[in-house]
K.L.:
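So that we are looking at the same thing, I have put the structure below in structure tokens.
Bear in mind that the values here come from a model prediction, so they are computed numbers and not experimental data. For ligands, and for the atoms within them, numbers begin at 1 and follow the listed sequence. Throughout, residue positions are numbered sequentially from 1 according to the sequence presented.
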Amino acid sequence: MSELLTGAQIICRTLVDAGVEVLFGYPGGAIMPFYDALHGHAGLRHILVRHEQAAAHAADGYARAGNRVGVCIATSGPGATNLVTGLATAHMDGSPVLAVTGQVGRPMLGRDAFQETDVVGVTMPVTKYNVLVRDVEDLADDLRTALAIAMEGRPGPVLVDVPKDVQNQKAEYRESGAGSQGWVKPRLQTPDTGHLEEAIQETAHLIAAAERPIMMIGRGVIVSGAYDAVRALAERTGMPVITTLLGISAFPQAHELHLGMPGMHGEVHINKAIQAADLIVGIGLRFDDRVTGNTATFAPRAKIVHIDIDAAAIGRTVPVAVGLAGDARSVVERLLAAVAPRDCLPWRAEIRNLMHAREEVFSGGLSPEVILSTLAEVTGGRGTIVSDVGQHQMWVAQRYPFQRPNTHITSGGLGAMGFAVPAAMGVRLARPNEPVWAISGDGGFQMNMAEIATMVQEGIEVKLAIFNNGYLGMVRQWQQFFHGGRYSNTPIWSPDYVKLAAAYGIAGWRVKQASEVADALRQANQTPGPTLVELVIEQEANVFPMIVPGGSLSEPLEAAPV
Ligand SMILES: Cc1ncc(C[n+]2csc(CCOP(=O)(O)OP(=O)(O)O)c2C)c(N)n1
């Protein structure tokens, strides 16, 4: 069946036919035909954000929580460039986001027209695919191609740039031959090549022969839905499991085989276990520098097996003994069938002996530990925690007891401050029946706090927690440790957050004492609508342990250097 539609109507129709339900965006001159077509559109819910960066982060949060494409919309020029941080975040963390941008009309292209930016050029390195649509006849297929590429392999962001006159042109709309795919990630099959089978057998052999094997898992396990397979592999082999920052919640935290997070702010016994291991089976992670520290000294005794959908990631930072390019779930399921049962008990006992009680680093004030354990009690382990970037992000990663898959969402690769508040809006729209908490520092919160207005206008129930230490804490910590204690431009003033909440018409609490935490968090969790809790924490608390940037995992700092 075909019918005559404008380009703007074709965008709406193609998105609806692809199963898209929610868009995050902001209008402007070059995208006005699209917004006109959207007016009163029954099938698409548009969330008007307060800044396009928030649209991209919200689409990213929606994509990560819903395992489907998140869509953001912006006008040309400043609207499109405001998306860039969000697209780069999604690119680093493998999140499927489609950006649709308006562009100046074709006759104006390349003439420095008003609000003209070459957004295809600008976003080339931070998208998997992008295209300027020069002919309305190509529009629907370009959008379908972009949506498919966003989801295939390692997911990631894509961008379709549509000149204003193309949005106004008419063309026959033809439904996709493929039909609606809902843009839920298809179960990937890894092609059964002889090489893969060989590599699986070799890995099974390495696991059987190792004395000190560990598994290290990342977000690829979440994206491919490999939780059960990974857990079964751990249980069959007794291999302890380390979860990277983005792999947190890919394995139940309370499981006896779970160790925790490695790397720069990993616990000392976890990094020591890596340094002592003779085999690392890495699944769906990048072995980035925050995990490895200095690669020359990383896991010096270990053979590394690397399973990842992105063949380019294998061997990029650490040399591998066996590389398996494929979908984590299908590879791990096959590996499971190939491994012999064992329990690694002596090795697990050795790791337990490496553990030592950590000195309490918080001196009396309101500690992140109390806040996070109380929050876990208040939510009863339900819901999703979206963290921003900085010290609080590391405290969440180290201390919040995540039990359910994909309930920890953060900007890991790019480390984009300002992520949590808008991303949490997307998460909540994907999970409307679960509590969603955005945890930010006072710095990151102030980057995107204007989105409270979006939450109020659109009725998006996000719970906001601000860890207020009066500093850009993580940078202050580096200044204290490595720059002679000179706090250059890290003390940061905040408004009165309770009054700010009141100005937006939402309930707010300020907590200064440990005794007040439970009440405030409980009330904030129970009160309908968006709510805000400011937690005034110790100003100069630090995150420990810490590996000096570029240092070895064998040399942790457990106190501030003198
Ligand atoms: C957009 C952006 N700008 C700068 C940085 C560098 N940076 C990393 S952590 C940090 C401090 C964060 O301070 P705050 O939000 O108050 O959180 P805290 O560390 O105190 O928990 C900064 C400035 C960043 N990651 N992202």
Side-chain angles (χ1 to χ4, degrees), residues 51-57 60 81-93 126 245-246 263-265 288-290 361-362 365-372 375 385-400 408-424 437-451 464-483 486-495 497 500 510-511 532-544 546-547 549 560:
H51 187 295
E52 291 86 352
Q53 180 190 356
H57 286 323
D60 182 354
T81 55
N82 275 351
L83 294 176
V84 172
T85 301
L87 295 176
T89 304
H91 195 244
M92 290 290 271
D93 291 353
V126 294
L245 175 62
L246 286 170
M264 182 171 275
H265 292 295
D288 88 320
D289 52 291
R290 286 293 194 263
V361 287
F362 307 107
L366 181 55
S367 78
E369 194 157 42
V370 167
I371 296 167
L372 293 168
L375 183 59
I385 305 293
V386 186
S387 63
D388 210 70
V389 174
Q391 293 182 310
H392 63 283
Q393 177 191 34
M394 293 299 114
W395 286 319
V396 169
Q398 292 174 336
R399 290 157 197 268
Y400 191 88
H408 169 257
I409 289 178
T410 197
S411 168
L414 196 71
M417 285 170 71
F419 171 83
V421 170
W437 278 83
I439 300 185
S440 312
D442 42 334
F445 185 76
Q446 291 188 69
M447 283 195 174
N448 273 329
M449 66 188 185
E451 296 307 320
L464 302 159
I466 307 158
F467 280 39
N468 187 354
N469 52 12
Y471 282 105
L472 298 173
M474 186 57 95
V475 177
R476 185 209 55 74
Q477 176 171 341
W478 286 43
Q479 289 172 335
Q480 180 189 347
F481 290 10
F482 314 122
H483 295 272
R486 291 177 295 281
Y487 292 170
S488 172
N489 289 282
T490 44
I492 185 166
W493 178 90
S494 279
Y497 290 116
L500 183 83
R510 177 176 302 113
V511 176
L532 178 154
V533 183
E534 176 193 3
L535 299 138
V536 182
I537 62 165
E538 203 182 302
Q539 290 215 321
E540 297 186 47
N542 290 317
V543 183
F544 290 110
M546 180 177 191
I547 304 297

K.L.:
Among residues at least two apart in sequence or on other chains, which ones pass side-chain hydrogen bond (donor to acceptor under 3.5 Å, both in side chains) with E534?
P.N.:
N468, R510
K.L.:
Taking all heavy atoms of A56 and all of G86, pick out the closest pair and write down the distance.
P.N.:
CB-CA, 3.6 Å
K.L.:
At their closest point, which heavy atom of L83 faces which heavy atom of A55, and how far apart are they?
P.N.:
CD2-CB, 4.5 Å
K.L.:
How are the rings of Y487 and Y471 set relative to one another: parallel (under 30°), tilted (30 to 60°) or perpendicular (over 60°)?
P.N.:
perpendicular
K.L.:
Below 4.0 Å from any atom of ligand 1, which residues have a heavy atom? Give them in chain and number order, please.
P.N.:
V389, G390, Q391, H392, G415, M417, G441, D442, G443, G444, M447, N469, Y471, L472, G473, M474, V475
K.L.:
Where do E451 and P422 come nearest, in terms of heavy atoms and distance?
P.N.:
CG-CB, 4.4 Å
K.L.:
Which heavy atom in F467 sits nearest to a heavy atom in H392, and how many Å separate them?
P.N.:
CD2-CB, 3.8 Å
